[in-house]
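Indexing begins at 1, ligand by ligand and atom by atom, following the structure's order.
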Amino acid sequence: MEKKKILFVCLGNICRSPSAEAVFTGVVKKHGKSNGFEIDSAGTSGWHAGEPADRRMQTHAVKRGYNLTSISRKFNPHSDFDHFDMIIGMDDSNVQNLKQMARSAADLDKICKMTDFSREFNYDEVPDPYYGGSEGFELVLDLLEDACEGLLEKIESKEI
Ligand code: 4NP
């Protein structure tokens, strides 16, 4: 069967979206579904392109068993909209930026927001942790663990 291709997007691609990539990879593995997915992440800015994930984000993630191995890259509207089935922004600004880059109604249809899949948490964004303290990084992981389970559940139940 065709793999479902999922792209997580934030601003810098060094904190939230590489974490989403690692957490969702862990969730699909836990459910024995690794073969069904291609999972990647990107940033709407290219500010940190070529860099590994933020050290602080890596430190918090590794404590929960996630290795953030991805290298930052800028979202490419000319290839990413065609390649991926779902493009998932972390906050409203990411979603707005993605929508501005969409070339067609089909592109727009692929864009959604991470917290649309939350089960336990009632946040409407995954907040940017870059300028804050360690609680922000922990909150990112809490929200992602919850929403990534919700995302897989929705995909498996063919709701999306
Ligand atoms: P991210 O966090 O979008 O979750 O990767 C940020 C990373 C870098 C910056 C802002 C947010 N920055 O301003 O450089």
Side-chain angles (χ1 to χ4, degrees), residues 4-29 37-81 83-103 107-108 110-152 154-155 160:
K4 188 115 177 154
K5 302 186 188 80
I6 314 271
L7 183 68
F8 296 103
V9 176
C10 62
L11 176 61
N13 192 212
I14 53 169
C15 295
R16 294 165 291 173
S17 60
S19 300
E21 180 184 343
V23 171
F24 191 61
T25 298
V27 165
V28 300
K29 191 171 177 193
F37 291 91
E38 182 181 318
I39 304 162
D40 194 7
S41 66
T44 55
S45 81
W47 299 337
H48 296 276
E51 295 175 19
D54 183 284
R55 266 267 145 229
R56 299 162 297 168
M57 193 74 250
Q58 287 200 45
T59 302
H60 285 274
V62 91
K63 284 195 209 141
R64 300 193 193 196
Y66 307 111
N67 260 321
L68 305 188
T69 53
S70 76
I71 299 295
S72 177
R73 73 169 178 91
K74 189 174 181 191
F75 179 79
N76 182 343
H78 305 293
S79 53
D80 288 327
F81 278 122
H83 185 74
F84 290 95
D85 301 306
M86 292 181 75
I87 297 172
I88 305 177
M90 295 295 128
D91 63 26
D92 288 327
S93 154
N94 306 148
V95 168
Q96 197 187 338
N97 287 330
L98 287 165
K99 285 185 173 168
Q100 279 163 355
M101 290 186 269
R103 307 154 304 171
D107 288 356
L108 280 173
K110 296 184 176 186
I111 300 169
C112 49
K113 192 167 60 171
M114 192 78 240
T115 46
D116 294 343
F117 308 105
S118 297
R119 302 191 307 180
E120 312 268 328
F121 285 87
N122 195 20
Y123 278 68
D124 55 10
E125 298 187 311
V126 180
D128 183 347
Y130 192 69
Y131 292 107
S134 46
E135 331 75 57
F137 292 92
E138 287 297 313
L139 176 62
V140 165
L141 292 166
D142 289 339
L143 293 171
L144 291 176
E145 286 180 332
D146 180 42
C148 283
E149 287 284 354
L151 172 61
L152 181 61
K154 281 227 164 114
I155 292 170
I160 44 174

Residue by residue, ordered by chain and number, which ones reach under 4.0 Å of ligand 1 with a heavy atom?
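Residue list for ligand 1: C10, L11, G12, N13, I14, C15, R16, W47, H48, D128, Y130, Y131.
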Between T44 and N94, is there a side-chain donor-acceptor contact under 3.5 Å, judged purely by atom types and distance?
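There is no such pair between these side chains.
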Result block: side-chain N/O donor-acceptor pairs under 3.5 angstrom for residues 74-81, not counting sequence neighbours:
unit_1: N76; atom_1: OD1; unit_2: H78; atom_2: N; d: 2.9
unit_1: N76; atom_1: ND2; unit_2: S79; atom_2: OG; d: 3.3
unit_1: D80; atom_1: OD1; unit_2: R73; atom_2: NH2; d: 3.1
unit_1: D80; atom_1: OD2; unit_2: R73; atom_2: NH1; d: 2.9
unit_1: D80; atom_1: OD2; unit_2: N76; atom_2: N; d: 2.7

Can you name the side chain to side chain contact (heavy atoms under 4.5 Å, CB included) partners of S134, sequence neighbours left out?
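Per chain and number, S134 pairs via side chain to side chain contact (heavy atoms under 4.5 Å, CB included) with H60.
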Among all residues two or more places apart in sequence or in another chain, which pass the salt bridge (charged side-chain N to carboxylate O under 4.0 Å, His left out) test with E125?
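Counting only residues at least two positions away or on another chain, E125 forms no salt bridge (charged side-chain N to carboxylate O under 4.0 Å, His left out).
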When you check the gap from the basic side-chain N to the acidic O, do D92 and K99 get nearer than 4.0 Å?
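Salt bridge: no.
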Check F84, F24, F8 against F37 for a ring-ring contact (aromatic ring centres under 6.0 Å, His included) and give me the one that passes.
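With F37 as partner, F84, F24, F8 yield a single ring-ring contact (aromatic ring centres under 6.0 Å, His included), made by F24.
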